[in-house]
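What follows is a short report on a single structure.
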Amino acid sequence: MMDDRTGVKAAKVCGALIFTTSLALLFSAQFDFYYDLNDDTMIKDIVSGAYTGQPSGYCIQMLYPLAWCIALCYRAIPTVPWYGLFLCLCQFSVVFLIAIRLLFYVRRIRTGVFALAMEAAFIMGLFLREMVVIQYSVTSGVCMAGAVFLFLTSQNTDKPSVFFRRNLIPLLLVVLSFLIRTEVCIMLLPFLLLAGLMKWCGEQQIFTTVNFRKYLMLVGTAILSITAVYCVDLVAYQGSEWSNFRSFFDARTKLYDFYGLPDYKDNQKFYESIGLSQESYTLLENYNFALDESIDTWRLEAIVDYQEQSAKTSSHGNGLKNTFGFVSKNSVRQAMWRYKDQIVKDFLHIKNIIFRRTSNQEIPAGLGISITVTFLYLFYFVVCIVPAEGKQRVVSVLKIMCLLGIRIILWLYLYMVDRLVNRVTIPLLMLEFIMLIAFVVCDYHRKKNWEIAQYVFCVLCVLGFLTMSMGNFQSIHREYQDRAQADARWNALMDYCRKNGNNYYIVDVYSSTSYQGTPYSEKIFTKTANFYKNFDICGGWVAKSPLARRKLERHRFKDIQNALYNPKNRNTVKAYFVVKPDQELNWLTQYYQKRGMTVHTECVDQVYIVSGEPVFDIIAVKQ
């Protein structure tokens with residue numbers, strides 16, 4: 001099935017390389033590459049040294065071995081944007097590997113060109129934004145998608161050693177996905193397990209000693225590799241300082257991302273029992289909890305335990321539901337109804353698009369992928385299941401049924417925990433899409449009517465590409481305009497802080513996230529000099545970490561509360577609070593008043609953009 005001639009193989013590799021390079025150059029010419037969210041820029045700041053002044057592998061979100069390697073690159077050549085370059089290389093490498101596999105799967109040049117055209121159509125029509133607006137969770141999903149596709153389309157062999165070598169790259173991609181974003185990799189593991197099961201069931205004889213050796217060797221190596229890198233990460237964070245913070249980090253994640261903060265008035269007795277005042281609760285509400293040292297691991301874990309117990313013992317459960325010991329924001333029934341409502345909404349969007357009642361601006365993110373996935377299910381049914389007979393039809397039906405089952409379970413879980421954010425849903429849709437493509441690629445050669453289906457598929461893909469890619473280009477250009485407005489504000493703040501390097505600035509969390517819904521972020525390949533940032537955010541996932549404390553110590557501050565106001569402080573470095581213009585700060589003065597300090601806030605300066613519009617207020621806390 002695959003061509004083994006060295007010259008032809010080399011030509012196909014060169015063709016895949018030219019194809020991938022052309023895509024990268026096209027995207028570079030048309031778009032700037034952005035970090036999607038401030039989560040990505042924070043990771044970049046940590047590994048590059050912009051956060052503490054020294055590159056560090058303790059970036060918390062990625063596993064330490066990978067982050068340490070990236071930090072090492074920054075130590076060697078600080079001016080290269082290693083972190084963003086790494087994410088881009090991961091994604092384009094997967095595109096390159098899939099292109100190679102597609103070319104190796106075909107015999108004719110015409111079919112190879114068709115295959116690459118379809119890959120380009122799908123990338124530009126469905127995943128263009130993910131290629132130019134980089135998010136590390138999505139990159140983890142891209143690596144997993146590449147692993148699944150390469151594994152499913154690998155050539156079968158009866159030799160375990162050859163089988164292992166042929167699937168070494170998918171194995172490395174799985175480990176890389178685990179290193180980049182462990183939670184995303186684990187969430188997508190059911191797709192990988194299904195791919196392994198389907199690959200095994202595709203063998204002529206399933207239960208043989210050779211097959212057990214082949215698959216168990218590969219699975220065992222994957223488990224050992226993942227366990228090894230995870231153990232290195234555990235050892236790196238085993239110190240008491242980091243161990244305590246990891247517990248704090250886990251409790252904070254559960255509270256904010258999954259359980260929610262219970263209302264203070266309705267649960268006042270509980271909050272008083274753990275010594276959390278109304279003023280400290282307000283800091284948890286507005287995410288500025290780094291200001292209060294009393295908001296520690298014990299108190300956050302106590303709130304999490306209280307939420308879990310309330311869900312299990314109370315009928316209302318602070319809005320949480322208990323399903324066989326699993327605490328979530330929605331019950332299974334509620335999740336099913338929400339899932340059904342979303343399907344209906346998607347159908348209405350499709351209807352409006354067909355009849356041109358919806359503009360490109362109103363099309364939700366991921367809808368194009370959902371439409372394509374639905375079409376692929378129908379396409380696979382028509383060209384692979386209907387013509388099949390006997391065992392082949394049974395296996396094909398099982399493939400689709402299992403894939404649908406995984407899809408339903410994972411989406412119901414997301415609706416139960418109410419975590420339907422693009423950085424989670426896009427990898428899910430991506431894996432479902434890539435598995436369907438792999439199923440078609442693996443099964444088409446057995447079907448007599450493939451030539452007709454191929455041309456029908458080509459016409460439909462071209463039509464879909466023309467509509468979706470144009471919408472994608474317009475959508476991304478509009479997003480870039482919005483990002484330019486947001487960046488002008490954020491860059492003005494960074495420039496202000498850099499010009500006033502003798503001071504230290506603490507930024508209000510809600511003032512640091514976005515402008516009119518567009519996240520503050522940075523371009524990947526501009527301003528590559530990683531200057532130290534003499535400011536920090538008064539909350540978020542880095543708050544209260546050893547890195548955050550080291551940053552404060554660099555400016556000779558004990559904590560944020562004392563940095564903003566301490567009448568006994570003789571530190572020559574002054575600390576200021578940064579907020580959006582004219583923001584209400586009663587909560588800040590009330591917090592200090594609760595601690596016996598009567599203060600007031602005063603705007604001592606403002607940050608302006610080129611047009612002269614003030615975008616941030618510089619606040620001093622005074623007696």
Side-chain angles (χ1 to χ4, degrees), residues 16-48 50 55 59 61-63 66-67 69-74 76-100 119-120 122-147 149-150 169 172-181 184-185 422-423 426-427 430 434 472-473 476-477 479-480 483 487 519 521-530:
L17 182 61
I18 293 171
F19 166 76
T20 307
T21 305
S22 300
L23 271 184
L25 291 175
L26 173 64
F27 295 164
S28 300
Q30 290 292 320
F31 306 102
D32 293 314
F33 288 83
Y34 269 97
Y35 294 112
D36 190 7
L37 302 170
N38 54 12
D39 287 355
D40 303 277
T41 56
M42 181 60 78
I43 294 174
K44 184 267 298 180
D45 287 345
I46 292 173
V47 295
S48 69
C59 73
Q61 299 284 16
M62 285 184 169
L63 291 192
L66 176 59
C69 291
I70 298 174
L72 191 65
C73 292
Y74 275 107
I77 311 177
T79 55
V80 175
W82 292 108
Y83 173 66
L85 184 63
F86 165 75
L87 295 180
C88 290
L89 284 175
C90 285
Q91 299 194 159
F92 281 105
S93 294
V94 170
V95 172
F96 170 67
L97 292 170
I98 291 176
I100 290 179
E119 184 179 0
F122 284 133
I123 290 172
M124 289 191 281
L126 301 177
F127 304 109
L128 179 59
R129 184 187 182 277
E130 284 67 40
M131 297 299 294
V132 298
V133 182
I134 309 296
Q135 216 286 325
Y136 73 109
S137 295
V138 176
T139 302
S140 175
V142 170
C143 291
M144 185 63 88
F149 182 85
L150 294 176
I169 292 178
L172 294 175
L173 286 174
V174 171
V175 176
L176 186 59
S177 172
F178 188 79
L179 284 164
I180 295 173
R181 184 62 165 161
V184 170
C185 180
N422 290 339
R423 59 184 179 274
I426 293 297
M430 190 180 293
I434 205 72
N472 261 348
F473 272 78
I476 293 172
H477 278 300
E479 181 179 345
Y480 272 29
R483 283 184 178 271
D487 280 356
S521 184
E522 298 175 25
K523 293 181 181 179
I524 295 176
F525 298 110
T526 56
K527 296 185 178 180
T528 55
N530 296 290

Taking the side chain as every heavy atom from C-beta outward, state whether Ile98 and Glu119 have any atom pair closer than 4.5 Å.
yes
Using 0.5 Å steps for rounding, measure from the CD1 atom of Ile426 to the CZ atom of Arg129.
8.5 Å
Just wondering, more than 12 heavy atoms not from Leu85 lying within 6.0 Å of its CG?
yes
Please tell me if the side chains of Cys73 and Phe86 come closer than 4.5 Å, counting only heavy atoms from C-beta onward.
no
Please give me the minimum heavy-atom distance between Asp40 and Asp36, naming the atom from each residue.
OD2-N, 3.9 Å
Nearest 0.5 Å please: distance from the CE atom of Met124 over to the CG atom of Leu126.
11.0 Å
Measuring only between side-chain heavy atoms, which start at C-beta, is Phe27 closer than 4.5 Å to Ile123?
yes
State plainly whether the residues Lys523 and Asp487 are in salt-bridge range, i.e. N to O under 4.0 Å.
no
Please name the pair of heavy atoms, one in Cys90 and one in Leu176, separated by the smallest distance, quoted to 0.1 Å.
SG-CD2, 3.7 Å
Got a second to check how far Thr139's OG1 is from Gln91's CD, nearest 0.5 Å?
3.5 Å
I want to check something: taking the side chain as every heavy atom from C-beta on, are Met144 and Phe178 in contact at a cut-off of under 4.5 Å?
no
Rounded to the nearest 0.5 Å, how far does CE of Met62 lie from CD1 of Ile46?
11.0 Å
Within-4.5 Å side-chain heavy-atom neighbours: Tyr35 and Ile43
no
For Tyr74 and Pro81 the tightest heavy-atom approach is OH-C, 3.5 Å
pair Glu130-Gln135: side-chain heavy atoms closer than 4.5 Å
no
Testing the basics here: between Ala99 and Ala16, what is the closest heavy-atom pair and its distance to 0.1 Å?
CB-CB, 3.8 Å
Looking at every heavy atom in both Gly146 and Leu173, which two are closest together, and how far apart are they?
C-CD1, 3.8 Å
Rounded to the nearest 0.5 Å, how far does CG of Leu25 lie from CD1 of Ile18?
11.5 Å
Taking every heavy atom of Ser140 against every heavy atom of Cys185, the minimum-distance pair comes out as OG-N, 4.1 Å
Roughly how far apart are Arg423 CZ and Ser137 OG, rounded to 0.5 Å?
6.5 Å
Can we call the ring centroids of Tyr83 and Tyr136 under 6.0 Å apart?
no
Taking the side chain as every heavy atom from C-beta outward, state whether Phe127 and Val142 have any pair of such atoms under 4.5 Å apart.
no
Just so I know, are the side chains of Tyr480 and Val132 near enough to count as touching, which here means a heavy-atom distance under 4.5 Å?
yes
